[in-house]
Number of protein chains: 2
Amino acid sequence: MEPSNRLETLLERLRARGLRLTPQRLAIVRALVNHPGHPSVEQLHQEILPDFPTTSLATVYKTVHLLKSQGEVLELAFGEQGSRFDGLRPRPHPHLICTRCGAIMDPAGDGPEALEALAAELAQRAGFSVSSHRFDIFGLCPACRG
Amino acid sequence: MEPSNRLETLLERLRARGLRLTPQRLAIVRALVNHPGHPSVEQLHQEILPDFPTTSLATVYKTVHLLKSQGEVLELAFGEQGSRFDGLRPRPHPHLICTRCGAIMDPAGDGPEALEALAAELAQRAGFSVSSHRFDIFGLCPACRG
DNA sequence: TTCCGTGCAAAGAGTTTGCATCTGT
DNA sequence: ACAGATGCAAACTCTTTGCACGGAA
C-alpha cells in the first residue's frame, strides 16, 4: 500500500515533537488514516490486534488523544456510546450520522464555508469569540431508508 | 411567581399521558423551566434539594428523560462531563458554548431556518433523510474574553 | 386500593490513571 | 542509558437498573 500524504503528515507531527514511533503507534495511525468511516477507539483496537495482539485499549486512547492534542485528529464525542474519530479531516466540518446503523459520513461537495459564516455571525451577535464548532445532522443513511 | 406557558405545557404533557404529578416531578419541571442556562442533571438536583431533600439523582434522570421522550426537552450530550438540558426550546437550534466557564447560550435573533436549510441540502446530496440536527459553536463568552 | 414513582445501592459503559516493565532513539 | 511508551488493573464519572417501600389518583 502506498503511503498517503495524510499518513506521512501524522507521522511527521509525532517525529517533530520528538515522540517515539512505536509499532503500536504506527499501527494506530495507519488504522486511523485508512479508515474512511470515523472509527471508534474500540474499532481501532480491533483492527490493530491481529498485528499487535498485546496492544491495550489504554494505548489506543493515549495515542488518539495525542494526535488530537496536536490538532491532527477530530473527535466526535457523543453522550451515549463512545467517541468517533476523524484522522483524515481534522478541521471542523458537518457530519451526517445514521441513527440506525451508526454510520458517520462527510457530506460530499463540502462547504464548511457556509457553516463557518453562520457560526461567526451568531457568535458575533452574542459577543462570543469562536474557537471551534460542530454540526451534526441525524437521520437515516441511504442504505437504512426502506 | 406566575406560571409560564411553558411550565403549563410541560405539566399538561405529563397529565395527558396519565402520568402522576408528584412533588418531585413538579419541582424538577419548574427548575427546568426557570433555568435559562441549560442546566445539568446535577444542577437541577441541587436546585431541588432545599425543597425536597430526599430527592435522588435517579429520579431527576428519570424525569428529564421522560420529558425528553415526549419531545419537550432537548438534551445536549457531551462526551466529557454530563449532559445539559433545554426545557424552554425543545426544537433543535444553535448553541454558543463557552469553553472556559461552561455557559451555554441560545443565540439571539435566532434563525434556525438557515441551519435547517443547510442540513437539508447536505443531507439530500448524500441521500440522507434528516430527523434532527445539532449545531454547537465553541468559544469564549463575553465575560470570559478578558 | 392500585399501580406508578421514589430512593437507595449496585451495576454498567466508556475513559483515565498509577505504576512497574519494556524499548526506541 | 534514559526518557518515554506500554499494558494491566484499578479508579472515576456519568448514567442506568433492580427492587422494596411509599404515595398520587
Side-chain angles (χ1 to χ4, degrees), chain A residues 10-32 38-46 48-70 73-85 102 104, chain B residues 10-32 38-46 48-70 73-85 102 104:
Chain A
L10 292 190
L11 296 181
E12 193 43 54
R13 284 301 159 113
L14 294 179
R15 276 189 285 257
R17 273 217 182 174
L19 299 170
R20 294 182 186 165
L21 269 65
T22 63
Q24 291 93 328
R25 282 191 177 163
L26 232 166
I28 294 168
V29 172
R30 225 193 294 273
L32 208 39
H38 308 78
S40 65
V41 165
E42 196 62 58
Q43 282 177 302
L44 292 172
H45 188 225
Q46 290 302 320
I48 287 161
L49 280 185
D51 296 312
F52 302 90
T54 66
T55 305
S56 72
L57 218 42
T59 294
V60 182
Y61 274 107
K62 287 166 184 167
T63 300
V64 163
H65 285 151
L66 191 66
L67 292 167
K68 182 191 170 189
S69 76
Q70 308 195 181
V73 158
L74 186 68
E75 175 173 7
L76 296 178
F78 296 95
E80 333 84 47
Q81 55 194 298
S83 290
R84 305 278 292 267
F85 298 86
I104 300 183
Chain B
L10 293 190
L11 296 181
E12 193 43 56
R13 284 302 158 111
L14 294 179
R15 278 190 284 258
R17 273 217 182 174
L19 300 169
R20 293 179 186 167
L21 268 65
T22 63
Q24 291 94 329
R25 281 191 178 163
L26 231 166
I28 294 168
V29 172
R30 224 193 295 272
L32 208 40
H38 307 78
S40 64
V41 165
E42 196 62 57
Q43 282 177 302
L44 292 172
H45 188 225
Q46 290 301 320
I48 287 160
L49 281 185
D51 296 311
F52 302 91
T54 65
T55 305
S56 71
L57 260 182
T59 294
V60 182
Y61 274 108
K62 286 167 185 166
T63 300
V64 163
H65 285 151
L66 191 66
L67 291 167
K68 182 190 171 191
S69 76
Q70 308 195 180
V73 159
L74 187 67
E75 176 174 6
L76 296 178
F78 297 96
E80 334 82 46
Q81 54 192 300
S83 290
R84 305 278 291 267
F85 298 86
I104 300 183

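What you see is a predicted model, and the numbers here were worked out from it, not measured in a lab. Only heavy atoms go into these numbers, but all of them, side chains included; no hydrogens, no water, no symmetry mates. Throughout, a chain's letter reflects where its sequence line sits, starting with A, and its residues are numbered from 1.
- With sequence neighbours excluded, no residue satisfies side-chain hydrogen bond (donor to acceptor under 3.5 Å, both in side chains) with A/Thr22.
- Annotation for B/Gly79 and A/Ala77: closest pair CA-CB, 3.5 Å, computed over non-hydrogen atoms.
- Here the side chains of A/Pro23 and A/Phe52 are in contact, with some heavy-atom distance below 4.5 Å.
- In this structure, the CG atom of B/Leu26 is 17 Å from the P atom of D/dG23, given to the nearest Å.
- B/Arg30 has its side chain out of reach of B/Leu11: every pair of non-hydrogen atoms, C-beta onward, lies at least 4.5 Å apart.
- Comparing B/Gln81 and B/Thr22 against DNA chain D, the residue whose closest nucleotide sits nearer the 5' end is B/Gln81.
- Without hydrogens or angle criteria, B/His45 side chain to B/Thr55 main chain gives a donor-acceptor distance under 3.5 Å.
- From the 5' end on, the contacts that DNA chain C makes with chain B at under 4.0 Å to a non-hydrogen atom open and close at C/dC3 to C/dC8.
- Remark: A/Arg13 pairs with A/Glu72 by the salt bridge (Lys or Arg N to Asp or Glu O under 4.0 Å) rule, at least two apart or across chains.
- Applying the side-chain hydrogen bond (donor to acceptor under 3.5 Å, both in side chains) criterion to A/Glu75, with sequence neighbours excluded, gives A/Lys68, A/Ser83.
- B/Gln46 pairs by the side chain to side chain contact (heavy atoms under 4.5 Å, CB included) definition with B/Glu42, B/Leu49, not counting sequence neighbours.
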Distance-only donor-acceptor pairs under 3.5 Å for side chains of residues 60-67 of chain B, two or more places apart:
| residue | atom | partner | partner atom | Å |
| --- | --- | --- | --- | --- |
| B/Thr63 | OG1 | B/Thr59 | O | 2.9 |
| B/His65 | ND1 | B/Tyr61 | O | 3.4 |

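- In this entry the distance linking NE2 of A/His45 with P of D/dT6 reads 12 Å, nearest Å.
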**OP:** Report the C-alpha distance between A/Leu21 and A/Arg15 in whole Å, list the side-chain angles of each, state the deciding distance to 0.1 Å, and finish with yes or no for side chain to side chain contact (heavy atoms under 4.5 Å, CB included).
**Re:** CA-CA 7 Å; A/Leu21 269 65; A/Arg15 276 189 285 257; 3.5 Å; yes
**OP:** Walk me through it: do B/Leu32 and B/Phe85 pass the test side chain to side chain contact (heavy atoms under 4.5 Å, CB included)?
**Re:** CA-CA 8 Å; B/Leu32 208 40; B/Phe85 298 86; 4.2 Å; yes
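- Using a 4.0 Å cut-off on heavy atoms, the residues of residues 57-68 of chain A that approach DNA chain D are A/Ala58, A/Thr59, A/Lys62, listed by number.
- For B/Ile104, the side chain to side chain contact (heavy atoms under 4.5 Å, CB included) partners two or more places apart in sequence, or in a different chain, are B/His38, B/Leu76, B/Phe78, B/Arg84, B/His95, B/Ile97.
- Rounded to an integer number of Å, the gap from CD of B/Glu42 to C1' of D/dT15 is 12 Å.
- Residue pairs meeting the salt bridge (charged side-chain N to carboxylate O under 4.0 Å, His left out) criterion with at least one member in residues 16-27 of chain A, sequence neighbours excluded, do not occur.
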Can you tabulate the close N/O pairs, meaning under 3.5 Å, that link protein atoms to atoms of nucleotides 1-4 of chain D?
| residue | atom | partner | partner atom | Å |
| --- | --- | --- | --- | --- |
| D/dA3 | N3 | A/Arg20 | NH1 | 3.4 |
| D/dA3 | N3 | A/Arg20 | NH2 | 2.4 |
| D/dG4 | O4' | A/Arg20 | NH2 | 3.2 |
| D/dG4 | N3 | A/Arg20 | NH1 | 3.0 |

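- If you take CZ of B/Arg84 and C1' of D/dC14, they are 14 Å apart, rounded to a whole angstrom.
- The phosphate of D/dA24 (OP1 or OP2) has no side-chain N or O of B/Gln24 nearer than 4.0 angstrom.
- Rounded to 10 degrees, the angle between the two end axes of the helix from C/dT1-D/dA25 to C/dT25-D/dA1 is 30°, with five pairs used at each end.
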